[in-house]
Protein chains: 4
Amino acid sequence: MKVDGKSRILVAARTVISRHGSNRATVRAIAEEAGMSTGAIYHYYKNKDDILYDLLDESLSDSTRIAKGIAKQELGKDKVKKEILQKTEERLKKDAENRLQYHFAHEILLGNKELQLKFKQKYKEWTFRIEEILINVYGLEDTRLNQALTSWLLGAIDGVILQYLLDVNDNDVEDMMEVFELLLEKGLPPFIQLLNDK
Amino acid sequence: MKVDGKSRILVAARTVISRHGSNRATVRAIAEEAGMSTGAIYHYYKNKDDILYDLLDESLSDSTRIAKGIAKQELGKDKVKKEILQKTEERLKKDAENRLQYHFAHEILLGNKELQLKFKQKYKEWTFRIEEILINVYGLEDTRLNQALTSWLLGAIDGVILQYLLDVNDNDVEDMMEVFELLLEKGLPPFIQLLNDK
Amino acid sequence: MKVDGKSRILVAARTVISRHGSNRATVRAIAEEAGMSTGAIYHYYKNKDDILYDLLDESLSDSTRIAKGIAKQELGKDKVKKEILQKTEERLKKDAENRLQYHFAHEILLGNKELQLKFKQKYKEWTFRIEEILINVYGLEDTRLNQALTSWLLGAIDGVILQYLLDVNDNDVEDMMEVFELLLEKGLPPFIQLLNDK
Amino acid sequence: MKVDGKSRILVAARTVISRHGSNRATVRAIAEEAGMSTGAIYHYYKNKDDILYDLLDESLSDSTRIAKGIAKQELGKDKVKKEILQKTEERLKKDAENRLQYHFAHEILLGNKELQLKFKQKYKEWTFRIEEILINVYGLEDTRLNQALTSWLLGAIDGVILQYLLDVNDNDVEDMMEVFELLLEKGLPPFIQLLNDK
DNA sequence: TATGAATGAGGTTTCATTCAT
DNA sequence: AATGAATGAAACCTCATTCAT
């Protein structure tokens, strides 16, 4: 079955961006990886940014699907926690995907407004899903600090991912997850109670 | 008093890299900001990367000094907590400095080994300082998961900083700090107890 | 009724080249406008230049037909003058057609010999027609400067058309035509007498 | 004496643009002609258009200076006419300069607004100078059609220049000038009288 | 020390043209 | 007849770095 051009380019771009040590994700490099000429790229995409957008869309959709999946389930609370633990562990290990996301972050830092907007939108959705879970599973009430709490949780995961990408975190993922599990099981419940009581 | 060349260049580089929207930190831009010619830059530095290294050194030293300062103090526990809160709040607000650090992160992701090593070294030192504080202030014992815990704490702060840089975190810094304070005051003690009991 | 491929391409090319603001008349643009693929273009034409040649032929034939039409008519002198005035006014207003002609001019300036030859041939014919009219209507005799006079007349019209294309001529076409009419009616007769007397 | 970079580039650009048969005035070609690398060009000019603007400025300033020079002189009428004839003849023969101006015209046709504005401004000034001359030398009064008349005169010259550039005008410049002289000497006076009487 | 002109490799993008289907 | 994916050369431009002065 022939794979269509856009898909090939996206796969190649993802590969190139993720490749450790890859100097830069140039159009030339993407084209080479995709096995086409640079000109061919422009047959499918108007410009380089458009490739990035598609890639981001894909990448963000994945994350969102997972977040939604967990939040929407009519599972027992224990199952939800297990689900979160598993997905988080998987994410810590998805080097390529994480590398990609930080590539986007860098683009945004360089001033790419369009990318920033897309990212912000998705981030809002994620915090919303997390909040949903905290409410359903942990009994979080509607406090003034709900959003701040979810931001800290999301931030912690992102921060640890970055540590792994930069290779400055020597802990086994299993150890990190053990602490995380303890947090979810025993740490969060009383902490959320504190917030509710405020 | 004449400021020496290297200092001028470092200040200029910091400014240029941090400048919001500055698309690229070119040698030309740094030279211009420093009020010298591009050629002059190469009198003081062998190449552009060397500027980065010095800058990273400076930047990391700052952070380390703060961490050391807090850990070494023979202060009462309350004072230490206040110190941490204040420094953390300050850091969340130091846009330029944070932007700089993520610039380094990006360079490392692109495969700059030398930078990576320096970063790793410093990161080790930070986690050590944090652990020290957790031991002195919170009575953390020598558990197998000490390092994982400190990594989560450091990661959370880095992750939230990144959220602010990317402008995807709409919470006031004050709200974020309120949750953080609650964590330090009421959340951590029982959590550390759990770890000790394991 | 099916329109044959070449015609469709010519119409499309004319449209694209003439389109105000159209930055470039690419084969792709022509193909799109013609509702076919780029490949199809090359079924009908060996290369892009050949399209231009055909287009020029068409365009020049139009002008020539008009010139011939006026010259050949066994009309009264007044009718001929009216005819000239009307056709000239029409031409000043045909933005698309004029834009096309200056596109050809540009190609010639870039060194396209073939185009140059075709153009030259047609230009000769036009000056011949104009001369014919000057002889029949104004009684111009066979002077040494006949050709120079016709060149000035043709040149004036071309120059003014260019002014309009470049949007540097703010006069109403009606004002321009009023002066032109005065020239044809009252200015040329004595001037031609002068030439005859030389 | 060392020639400064901008001058060298301008001279080279002028040469390249003017060169008959030159396929296109690319930055590479200009750099080659100037004896520098393409990168060096960008040391002096932000982009290619800026070179064009400088070139146009120069070119237009020349024309304007000539127009001003003629108009401002407190010369006798005969001297002014001689001056006009001489300058016009010179211009018909300046192939390189004329080629340059039509290159600008083409850029404007492609939609370069900035260039268009500069051109329009200068064109206004020229028509003003011509009108001045017509008033001082030929006694033209303040009629409604003054501007239209000057546009025709300017247009005629531009049109004839284009004929020469395209090599479709086989007349000797001398013959063209003879007709032009006759126009200035004998043709214009009665024609302007007609306009005044309207 | 210092300048800034110059290089050259490499970036993104455009486009006429070819060719398997 | 027709498609449209693909090529490859060449366009403009950027930038770390070198070097004569």
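Quantities reported herein were computed from a predicted structural model and do not represent experimental measurements. All chains are named by letter (A, B, ...) in the order of the sequence lines, taking the proteins before the strands, and each is independently numbered beginning at 1.
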remark   = Per atom distances to the A:Ser37 side chain, the nearest of E:dG4, F:dG8, F:dC12 is F:dG8
ask   = Expressed in whole Å, how much space separates the P atoms belonging to E:dT1 and F:dT21?
value = 23 Å
[N] [atom2] sits how many Å from [X] [atom1], rounded?
X: C:Ile30; N: F:dG4; atom1: CD1; atom2: C1'; value: 17 Å
X: D:Asn47; N: F:dT14; atom1: CG; atom2: C1'; value: 13 Å
X: D:Tyr45; N: F:dC12; atom1: OH; atom2: C1'; value: 17 Å
X: C:Ile51; N: E:dC15; atom1: CD1; atom2: P; value: 15 Å
X: A:Glu32; N: E:dG11; atom1: CD; atom2: C1'; value: 14 Å
X: D:Ile9; N: E:dT7; atom1: CD1; atom2: P; value: 11 Å
X: A:Ile41; N: F:dG8; atom1: CD1; atom2: P; value: 14 Å

ask   = If you count the non-hydrogen atoms of other residues, nucleotides and ligands that lie under 6.0 Å from CD in A:Gln121, is the total more than 12?
value = no
ask   = In terms of ring plane angle, is the pair D:His106 and C:His103 parallel, tilted or perpendicular, where the classes change at 30° and 60°?
value = tilted
Given DNA chain E, 5'-ward residue of the pair B:Gly39 and C:Lys46, judged by closest heavy atom = B:Gly39
5' precedence on DNA chain E between D:Met36 and C:Val27 (nearest-nucleotide basis) = D:Met36
query = Closest nucleotide of DNA chain F for B:Asp49 versus for C:His43: which of these residues is on the 5' side?
reply = C:His43
note = 5'-most contact on DNA chain F (nearest-nucleotide basis), D:Lys48 vs C:Thr38, goes to C:Thr38
ask   = If you take all heavy atoms of B:Ile17 and B:Leu52, which pair is closest and at what distance?
value = CD1-CD2, 4.0 Å
ask   = Which pair of heavy atoms, one from A:Asn112 and one from A:Tyr53, lies closest together, and at what distance?
value = OD1-OH, 3.4 Å
Is [X] close enough to [N] that one of its side-chain N or O atoms is under 4.0 Å from OP1 or OP2 there?
X: C:Tyr44; N: F:dA2; answer: yes
X: A:Tyr42; N: E:dT13; answer: yes
X: A:Arg28; N: F:dG8; answer: no

inquiry  = Mind checking if D:Thr26 touches a base, just sugar-phosphate, or nothing, with heavy atoms under 4.0 Å?
reply    = sugar-phosphate
task = Calculate, to the nearest 0.5 Å, the distance between atoms CE and CD1 belonging to C:Met36 and C:Ile9 respectively.
result = 4.5 Å
